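See below for the structure under consideration.
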Amino acid sequence: MKKNILITGGAGFIGSHLTRLFVTKYPECHIVNLDKLTYAGNLENLRDIEHAPNYTFVKGDIENMEQVRSLFAQYQFDGVLHCAAESHVDRSISDPLAFVKTNVLGTVTVLTVAKDAWKDNFDGKLFYHISTDEVYGSLGAEGFFTEETSYDPRSPYSASKASSDHFVRAFYHTYHLPVIISNCSNNYGPYHFPEKLIPLCIHNIINNKPLPIYGKGENVRDWLFVEDHVSAIDTIFHQGKIGETYNIGGHNEWKNIDIIRELCRQMDVKLDREKDTSAKLITFVKDRAGHDLRYAIDATKLSKELGWKPSLQFEEGLSKTIDWYLQNEDWLNDVTSGNYQKYYEKMYGDR
Ligand code: NAD
Ligand code: TDX
């Protein structure tokens, strides 16, 4: 069992679920969450565990080598779960450099510090890199991404994630740094930032605003409940083989238009609105530049070798997700109004 674990980006969507899981499941481990608190990082996501004795939050930047080095010196980490990233494809189209800085330079910075800190003895150490299925490119109507699929990133976001994956493998081959990479499909669930399709549409349905569907809504994504993603990461972190890659997915493909229709159907019932009220908000808008047509993950290796399977069916996961947003409208309103960022400015200034 690793005793001191660094989670980067633990205040984001997936990172907060991962941090909660490790803090509560492994009380004997000390979890340090290093997060810059960009627009996507929100300490409200971790309110329920912030006082846990085995948890420490550090506001900081993965690109700041000195800061990362001093954290390694202070906590003597045995493992790293590297989650911090710029994660939104649309933002990568308007500002690619920000993605190179965080996803490439930031990752190489943490890799370098881990290598230097652990170089005398790699035994029992692990650098776990959390990546995406988007590195494999775009599928046609048939086929799945396996761990052997060649990389073919097509957006600045996926190019930056592919580059970071390559660096992680380069550190394994060149320096023998113990690494594992997992590539997961689209996540959904509580604490998902409302710039992404599902939480954006939940927010807009609540507020009777248009639901912007890019192009014709024919693009296909493979959706996994976020708690299933972090349970897979937990399994791989503890049982995965060093140097390997694992694909994570739930065999749950949906066209965007179908998912939004299902969301509208469930929300009409939950909001006690007349049937088909929310679907009237669907608005087809200009397509995303370079919009990947289809992603679909083959997670056979993970299920065969490590016995992991997703726990939730999609309709159930979507229902749980909607219920969470309806019960946490304050979180949603704070995030969309930017109140939480004002709070951070007050608390942390420019640090
Ligand atoms: P997110 O945008 O919700 O969170 C990212 C977190 O990283 C935020 O808390 C942010 O403050 C932090 N961060 C950003 N730059 C930082 C820096 N320089 N230093 C320290 N912290 C920084 O992202 P997410 O959706 O939770 O994704 C987490 C990881 O999982 C990413 O690496 C992403 O590529 C990967 N992933 C996401 C999905 C998905 O569907 N969301 C699917 C597969 C893989
Ligand atoms: O307003 C929208 N309208 C729309 O039609 C938005 C925000 C998205 N879309 C479409 C684009 C995609 O086909 O919905 C699909 C999902 O879009 P996003 O939620 O932006 O996710 P995606 O681009 O698929 O990327 C996500 O999954 C893989 C995450 O943001 C990445 O971090 C992850 O790696």
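When reading the values below, keep in mind they use all heavy atoms of this one structure, side chains included, and skip hydrogens, waters and symmetry mates. In listed order, ligands and their atoms are each counted from 1. In this text, all values refer to a predicted model and were calculated from it rather than measured experimentally.
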What are the atoms of ligand 2, with element, lying closer than 4.0 Å to any heavy atom of E195?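 Under 4.0 Å from E195, ligand 2 has these atoms: 7 (C).
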What are the atoms of ligand 2, with element, lying closer than 4.0 Å to any heavy atom of V89?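 Ligand 2 atoms under the 4.0 Å threshold to V89: 23 (O).
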Return the protein residues near ligand 1 (heavy atom under 4.0 Å from any of its atoms), ordered by chain and residue number.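 Only G9, A11, G12, F13, I14, D35, K36, L37, T38, A40, G41, G60, D61, I62, E63, C83, A84, A85, S87, T102, I130, S131, T132, Y157, K161, C184, S185, N186, N187 have heavy atoms that fall under 4.0 Å of ligand 1, ordered by chain and number.
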Considering [options], which one's heavy-atom position lies nearest to [atom]?
atom                    : options               : value
atom 19 (O) of ligand 2 : L197, N186, I14, D287 : L197
atom 20 (O) of ligand 2 : K196, R294, R288      : R288
atom 31 (C) of ligand 2 : S87, S155, A40        : S87
atom 9 (N) of ligand 2  : Y295, F13, Y214       : Y214

Of the protein's non-hydrogen atoms, which lies at the shortest distance from [atom], and what is that distance?
atom                    : value
atom 34 (O) of ligand 2 : Y157 OH, 2.6 Å
atom 10 (C) of ligand 2 : N256 ND2, 3.4 Å
atom 3 (N) of ligand 2  : P212 O, 2.8 Å

Quick one, N187 with H192, criterion side-chain hydrogen bond (donor to acceptor under 3.5 Å, both in side chains). Give me CA distance, side-chain angles, the key distance, then yes/no. CA-CA 9 Å; N187 284 214; H192 204 182; over 6 Å; no
When rounded to the nearest 0.5 angstrom, what is the spacing between NZ in K270 and OG in S278?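 K270 NZ to S278 OG: 12.5 Å, rounded to 0.5 Å.
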If you measure from CZ on F57 to CD1 on I31, what distance do you get to the nearest 0.5 Å?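 These two atoms lie 15.0 Å from each other.
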Charged N-O contact under 4.0 Å between [X] and [Y]:
X    : Y    : result
K59  : D35  : no
E66  : R69  : no
K36  : D61  : yes
E195 : R91  : yes
E244 : K301 : yes
R294 : E253 : yes

Are there more than 12 heavy atoms of other residues, nucleotides or ligands under 6.0 Å from atom CZ of F167?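 No.
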Among D133, D165, T149, T132, the one residue meeting side chain to side chain donor-acceptor pair (under 3.5 Å) with N183: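 So, applying the side chain to side chain donor-acceptor pair (under 3.5 Å) to N183 and each of D133, D165, T149, T132, only D165 qualifies.
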Return a yes/no value for [X]: is any of its N or O atoms, backbone included, closer than 3.5 angstrom to an N or O of ligand 2?
X    : answer
I213 : no
E134 : yes
T132 : yes
R221 : yes
H291 : yes
N219 : no

Looking only at the aromatic ring of each residue, does the gap between the centers of F127 and W118 stay below 6.0 angstrom? no
Ring centres of F122 and H176 under 6.0 Å apart? no
